[in-house]
Amino acid sequence: MNGALPAVPPTWNLFLSRVHFHRQQRFICWLFSFCCRIFYPHFSTFFYPQRDFCMKSLLTRQRRINPVYLSFMAVSFMTGVAGALQAPTLSLFLTREVQVSPFWVGLFFTINAIAGIVISLLMAKRSDNQGDRRNLILFCCLMATLNALLFAFNRHYLTLVTLGVFLSALASVSIPQVFALAREYADQSAREVVMFSSVMRAQLSLAWVIGPPLSFALALNYGFVTLFCVAAGIFLLSMLLIWRTLPSVPRVVASPEEVLTQLSPWKDSQVRLLFIASVTMWACNTMYIIDMPLYISSTLGLPEKLAGLLMGTAAGLEIPIMLLAGHYARRTGKRKLMLLALVAAIVFYLGLVMFQSRTALMVLQLFNAAFIGIIAGIGMLWFQDLMPGRAGAATTLFTTSISTGMIIAGIIQGTMSERFGHESVYWLALGLAVLALGLASRVRDV
């Protein structure tokens, strides 16, 4: 009547609603597939079979994520959080609770790094030759629990620098052994190894997003006893998860040809240059991590909790930068990305001595994240490319460069800050970043 539309049968409305719902499902599936291919190109090969994400496959096929893989990710995240709770506030703990000077703080970090290198080499050799790797991980987590409790209830420097460092060195073996067990399990189950390792590394970065702000919040609001007890509790939960869910993987005996390939890399001048450059890079980063909480509180007069916020912001930005670096490594080459990271480091350390406001420090974390996010992933791959057929030796050399940089940073930071002030630490870091840029530019791209 008067232009009124005829009544639509209910069955026709039901048909249209189902068609509309069907189109929505297809669009959502297409959008999900497109995002996965852009941001996570190996996602489908890791979790699911290599098929397009369509509505039919989603409705008719049951896909289950391997629970053991999820357990590995949970363990790496929890142990990472427990470590991220203790490391950022350790310099404040030694300064305030133990009441030692910056020199003794730097000496503590140096001794801790040396002990970590020695214990890691000894434990790694044993783990590759005999015993169950899962039992070794449980033992290291137990040592980490005892170490956290020792720091919670002891304030004697000599005890902490001896027994505490020994327990900490044993505890530091846990995360590399978790990654080694994960690699063995992935090889045995014939799954995608590269993506699995990348996701596990992302869990550590995510742990450092959460850990530092939580660390400073617990330490400043509830005290260091609460902080270290929380870390001990997380290690205990990790032990329970490891005991109940992680598998025991049988040993794979290396062939004589593989043994012969484990030669010393020091005869290669390119490897030596990259090793020295890597040591210099990690020395810069470690000096910043040790000194930054003290620099913010004592020199700049800013809130102490800002240090945790800065560390967490940098760690959060590292995750997408790490993924982007891996995506563009094939196009641009690893050498160009590493040089770009060192340019970002120069901008970062120069900004630390030129700008002192809270906003400027937060903005500078983008350059810090670009620096660490690239060298942490691409740096190891560059070592492996320069040492073909010796991935184990190349990875060990990369991790040794990190530990060596920590040793040098501990000595330099304590001496420089006590004699010349905290700003001198960042001027020196700026100079070392320029030196690392010159060394890395002489290493060939592979």
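Any value given below was found using the heavy atoms of this structure, including those in side chains, with hydrogens, waters and symmetry copies removed.
Applying the ring pair (Phe, Tyr, Trp, His ring centres under 6.0 Å) test to every pair with at least one member in residues 213-238, sequence neighbours left out, gives these pairs: F93-F224, F93-F228, F151-F228.
Using a 4.5 Å cut-off on side-chain heavy atoms (C-beta onward), Y349 and F371 make contact. With contacts defined as side-chain heavy-atom distances shorter than 4.5 Å, the pair L167/L163 qualifies. Under the 4.5 Å side-chain criterion, counting only non-hydrogen atoms from C-beta, N135 is in contact with L138. Looking at heavy atoms from C-beta onward, Q86 lies out of side-chain contact with L227 at the 4.5 angstrom threshold. The side-chain heavy atoms of L218 and L214, taken from C-beta on, include a pair separated by under 4.5 Å. Side-chain contact between I375 and I372 is present, with at least one heavy-atom pair separated by less than 4.5 Å. Side-chain contact check for L142 versus L170: every heavy-atom pair is 4.5 Å or farther apart. Looking at heavy atoms from C-beta onward, I242 lies out of side-chain contact with M239 at the 4.5 angstrom threshold.
Of all non-hydrogen atoms in F348 and L364, the two that sit nearest each other are CD1-O, 3.2 Å. The minimum heavy-atom distance linking W382 with D445 is given by the pair NE1-CA, 4.4 Å. Residue M73 comes nearest to Q203 through the heavy atom pair O-CG, 3.9 Å, listed as atom of the first residue, atom of the second, then distance. Considering all non-hydrogen atoms of both residues, P293 and I289 come closest at CD-O, 3.3 Å. Here the closest non-hydrogen pair linking T286 and A409 is CB-CB, 3.6 Å. Among all heavy-atom pairs drawn from L342 and A436, the shortest one is CD1-O, 3.5 Å.
Rounding to the nearest 0.5 Å places CG of L94 at 4.5 Å from CG of L90. The line from CG of L146 to SG of C141 is 11.5 Å long, rounded to the nearest 0.5 Å. In this structure, K336 NZ and I378 CD1 are separated by 14.0 Å, a value rounded to the nearest 0.5 Å. Note that CG of L246 and CG of L241 are 6.0 Å apart. Values are rounded to the nearest 0.5 Å. For the atom pair I374 CD1 and K334 NZ, the distance stands at 13.0 Å (nearest 0.5 Å). One distance of note links CG of N368 with CG of L361; it measures 11.0 Å at 0.5 Å rounding.
Residues forming a side-chain hydrogen bond (donor to acceptor under 3.5 Å, both in side chains) with Y288 (at least two apart in sequence, or on another chain): Q365. In this structure, N147 has no side-chain hydrogen bond (donor to acceptor under 3.5 Å, both in side chains) partners at least two apart in sequence or on a different chain. Remark: S71 engages T245 in a side-chain hydrogen bond (donor to acceptor under 3.5 Å, both in side chains) (not counting sequence neighbours). Residues that satisfy the side chain to side chain contact (heavy atoms under 4.5 Å, CB included) test with S101, not counting sequence neighbours, are F103, W104, E418. Legend: residues meeting side-chain hydrogen bond (donor to acceptor under 3.5 Å, both in side chains) with T415, ordered by chain and number and at least two apart, are absent. A search for side chain to side chain contact (heavy atoms under 4.5 Å, CB included) contacts involving N154 returns L150, H156, T159, L160, not counting sequence neighbours. Evaluation of the side chain to side chain contact (heavy atoms under 4.5 Å, CB included) rule for P303 yields K305, R358 as partners, not counting sequence neighbours. Partners of R442 under the salt bridge (Lys or Arg N to Asp or Glu O under 4.0 Å) rule, at least two apart in sequence or in another chain, do not exist in this structure.
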**Report entry** F166 vs T162, side chain to side chain contact (heavy atoms under 4.5 Å, CB included): CA-CA, chis, key distance, verdict
**Finding:** CA-CA 6 Å; F166 177 70; T162 52; over 6 Å; no
Report task. I would like to know whether V230 and I234 meet side chain to side chain contact (heavy atoms under 4.5 Å, CB included); could you show each step before the answer? Result -> CA-CA 6 Å; V230 170; I234 295 176; 4.2 Å; yes
Requested in this report: Show the numbers, then the answer: is there a side chain to side chain contact (heavy atoms under 4.5 Å, CB included) between M362 and L309?
Outcome: CA-CA 9 Å; M362 289 294 294; L309 183 60; 4.3 Å; yes
Report task. Would you please test S441 and L339 for side chain to side chain contact (heavy atoms under 4.5 Å, CB included) and show each step? Result -> CA-CA 7 Å; S441 63; L339 296 180; 4.1 Å; yes
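Put simply, the side chain of R134 never gets that close to the backbone of P247: no donor and acceptor are under 3.5 Å apart. Between the side chain of T89 and the backbone N or O of L92, no donor-acceptor pair lies under 3.5 Å. Although no hydrogens or angles enter the test, the distance criterion places a donor-acceptor pair under 3.5 Å between the side chain of T95 and the main chain of S91. Remark: side-chain polar atoms of R335 are not paired, donor with acceptor, to backbone N or O of T332 under 3.5 angstrom.
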Pairs of donor and acceptor atoms involving the side chains of residues 275-285, under 3.5 Å and at least two apart or interchain, shall be tabulated with distances.
unit_1: S278; atom_1: OG; unit_2: S401; atom_2: OG; d: 2.8
unit_1: T280; atom_1: OG1; unit_2: I276; atom_2: O; d: 2.8

Taking distance alone, no hydrogens or angles, what donor-acceptor pairs closer than 3.5 Å link side-chain atoms of residues 422-434 to residues at least two apart or in another chain?
unit_1: H422; atom_1: ND1; unit_2: D291; atom_2: OD1; d: 2.6
unit_1: H422; atom_1: ND1; unit_2: D291; atom_2: OD2; d: 3.3
unit_1: E423; atom_1: OE2; unit_2: Q356; atom_2: NE2; d: 3.3
unit_1: S424; atom_1: OG; unit_2: M416; atom_2: O; d: 3.3
unit_1: S424; atom_1: OG; unit_2: G421; atom_2: O; d: 2.6
unit_1: Y426; atom_1: OH; unit_2: D291; atom_2: OD2; d: 2.9
unit_1: Y426; atom_1: OH; unit_2: M292; atom_2: N; d: 3.3

Review item, side-chain donor-acceptor pairs of residues 105-112, under 3.5 Å, at least two apart:
unit_1: T110; atom_1: OG1; unit_2: G106; atom_2: O; d: 2.9
unit_1: T110; atom_1: OG1; unit_2: I407; atom_2: O; d: 3.4
unit_1: T110; atom_1: OG1; unit_2: I411; atom_2: N; d: 3.2
unit_1: N112; atom_1: OD1; unit_2: S168; atom_2: OG; d: 3.4

